[in-house]
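In what follows, chains carry the letters A, B, and so on, assigned in the order in which the sequence lines appear, proteins first and then strands, with residues in each chain numbered from 1. None of these values were measured; they are calculated from a predicted model.
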Protein chains: 2
Amino acid sequence: MSHFPNHSEENYLKVIFKLQQKKLRKLNNIAIANALDLNPATVLEMVRKLVKKNLLELKEDKSIQLTEKGKKKALLTIRRHRLWEVFLVNKLQYKWNEVHDLAEQLEHIEAKDLTDRLETFLGHPVYDPHGDPIPDKNGKIKAHETIALSSAIKGKHYIVKSFADTSDVFLDYLSQQEIKPGLKIKIVQLHEFDQSLEILSGKKQFQLSQKVALNIFIQPL
Amino acid sequence: MSHFPNHSEENYLKVIFKLQQKKLRKLNNIAIANALDLNPATVLEMVRKLVKKNLLELKEDKSIQLTEKGKKKALLTIRRHRLWEVFLVNKLQYKWNEVHDLAEQLEHIEAKDLTDRLETFLGHPVYDPHGDPIPDKNGKIKAHETIALSSAIKGKHYIVKSFADTSDVFLDYLSQQEIKPGLKIKIVQLHEFDQSLEILSGKKQFQLSQKVALNIFIQPL
DNA sequence: CTTTTTTATTTGGTATGCCAAATATTTAGA
DNA sequence: TCTAAATATTTGGCATACCAAATAAAAAAG
Ligand SMILES: [Mn+2]
Ligand SMILES: [Mn+2]
Ligand SMILES: [Mn+2]
Ligand SMILES: [Mn+2]
């Protein structure tokens with residue numbers, strides 16, 4: 001008997017929540033399999049199990065959806081993940097681009113009260129170190145009014161809020177470029193040819209590819 | 001592929017370490033099976049695997065022993081367990097008798113640096129909330145010079161240091177009686193008939209059975 | 001030393017979560 | 001509409017970590 005039924009299940013729910021957010025027309029097994037790096041046959045089995053547990057449902061067009069119960073569970077896992085990330089950065093002095101994998105482990109630890117105590121200890125943070133909002137204890141999350149940097153307007157000023165891609169490679173890249181939540185930027189130039197942008201932050205000017213710009217969320221200043 | 005090879009293995013090593021400490025003549029499968037609440041056949045399989053991994057060895061008389069490598073691994077797991085317990089009590093305000101099960105989960109989380117950062121954050125604690133010494137980052141543990149309360153002498157003063165039994169039932173009992181590490185006591189009376197003791201702490205006097213006294217470690221004051 | 005009891009070991013099974021390959025089935029392109 | 005490509009499903013397997021029951025071996029008791 002594997003001791004951790006939570007673990008796998010919670011990872012599926014979380015990834016399905018994140019894929020749903022992206023409003024793909026139809027969420028299928030293959031998308032989930034890619035996101036979790038699993039075989040579609042494996043995903044099919046688990047989806048069936050989660051449907052039986054009333055955490056997922058299949059719509060008329062056979063796309064996969066979270067039920068209310070499933071959505072709540074996903075959000076509570078995301079809550080744990082983000083609170084642990086705050087802990088790791090604010091208390092243990094990890095860098096914001098180092099904490100994701102560790103939080104992937106910590107998020108599955110279950111104990112009465114743990115998450116709420118952690119939240120209190122951390123001083124009820126609203127955002128995690130990557131700029132993402134932390135769901136409250138009921139699983140309510142603040143919708144976050146940001147736009148992609150790729151749709152920014154030349155000459156305007158913005159503040160970096162968060163990021164679409166949470167992979168190590170991307171976060172390491174951002175860290176190298178010293179791009180992080182809270183950074184104030186000005187759009188200097190838009191290059192139509194490759195959709196790259198030139199950006200000014202303080203005295204430092206740099207160029208970002210379209211691919212990068214699509215994964216950075218900003219707000220007008 | 002189960003994601004957590006650590007988990008089970010570390011639990012075996014830890015329990016074997018603790019059983020070894022008790023210097024039973026010969027550590028066998030059944031003792032381990034009882035301690036972990038598993039079937040002896042299961043234990044046998046795992047012991048073989050751990051022998052193959054050079055974490056355990058079988059002595060001439062077939063008793064089970066940790067190798068140096070296994071002992072170190074056990075001690076590092078105990079280190080993580082006890083540091084997390086300190087965190088839960090000192091930072092998250094759990095009571096000292098509530099944290100063991102949670103620490104059982106947290107102790108298996110592996111990440112470069114996590115334990116040492118946690119230790120630094122907690123201010124390099126030497127004892128956990130139950131009075132047990134915390135091994136250092138090399139797995140060195142301070143031998144802790146205590147005696148069992150059951151061998152205390154009438155009229156003398158002692159300080160409660162730690163406990164042999166770490167079960168919830170026992171810790172809950174201690175908590176109800178307000179017995180915890182650091183408590184100063186005087187032995188008022190020893191009852192020869194049932195080996196129970198009468199004890200004075202401040203103005204409060206109470207009686208403890210032999211079974212309880214065997215599980216409380218003290219030092220002379 | 002023989003019998004009984006305890007301990008160790010073997011054997012055949014279970015559940016979870018995973019995979020690859022074969023075979024539907026669906027969807028979309030021509 | 002027909003067909004090719006994409007997707008879903010089935011099937012048979014694997015690894016880990018468990019168990020129960022049968023048998024073998026060792027230890028203790030008499
Ligand atoms: Mn993260
Ligand atoms: Mn994050
Ligand atoms: Mn403990
Ligand atoms: Mn402890």
Would you kindly give the [atom1]-to-[atom2] distance between [X] and [N], to the nearest whole Å?
X	N	atom1	atom2	answer
B/Asn11	D/dT16	CG	C1'	15 Å
B/Ile32	D/dA17	CD1	P	16 Å
B/Leu58	C/dT9	CG	C1'	13 Å
B/Asn29	D/dA25	CG	P	16 Å
B/His7	D/dA17	NE2	P	11 Å
A/Lys52	C/dA15	NZ	P	13 Å
A/Glu45	D/dT7	CD	P	20 Å
B/Asn34	C/dT6	CG	C1'	13 Å

Neighbour count >12 (heavy atoms, 6.0 Å) for atom NZ, A/Lys26: yes
Would you find more than 12 non-hydrogen atoms of other residues, nucleotides or ligands less than 6.0 Å from B/Lys69 atom NZ? yes
Could you tell me whether A/Phe87 and A/Tyr94 have their ring centroids closer than 6.0 angstrom? no
Nearest to the side chain of [X], heavy atoms from C-beta on, is which of [options]?
X	options	result
B/Ser8	C/dA8, D/dC18, C/dG17	D/dC18
B/Ile30	D/dA17, C/dT7, D/dA8	C/dT7
B/Tyr12	D/dC18, C/dT7, D/dA27	D/dC18
A/Arg48	D/dC18, C/dA8, D/dT9	D/dT9

Heavy atoms only, 4.0 Å cut-off, all strands: where does A/Asp61 land among base, sugar-phosphate and nothing? nothing
Toward the 5' end of DNA chain C, by each residue's nearest nucleotide, A/Val43 or B/Asn28: B/Asn28
Whichever of B/Leu44 and A/Leu38 has the more 5' nearest nucleotide on DNA chain C, that residue is B/Leu44
Starting at the 5' end of DNA chain D, which residue's closest nucleotide do you reach first, B/Lys26 or B/Lys49? B/Lys49
What residues, two or more places apart in sequence or in another chain, satisfy side chain to side chain contact (heavy atoms under 4.5 Å, CB included) together with A/Thr146? A/His144, A/Lys161, A/Phe217, A/Gln219
Is the NZ or CZ atom of A/Lys180 both under 6.0 Å from the centre of the six-membered ring of A/Phe163 and within 45° of that ring's axis? no
State which residues pass side-chain hydrogen bond (donor to acceptor under 3.5 Å, both in side chains) with B/Ser63; sequence neighbours excluded, sorted by chain then number. B/Asp61
Identify the pairs formed between an N or O of the protein and an N or O of nucleotides 20-22 of chain D at a distance under 3.5 Å, and give each distance.
{"unit_1": "D/dA20", "atom_1": "OP2", "unit_2": "B/Asn39", "atom_2": "ND2", "d": "3.1"}
{"unit_1": "D/dA20", "atom_1": "N7", "unit_2": "B/Asn39", "atom_2": "ND2", "d": "3.4"}

Classify the angle between the aromatic ring planes of B/Trp84 and A/Trp84 as parallel (below 30°), tilted (30 to 60°) or perpendicular (above 60°). perpendicular
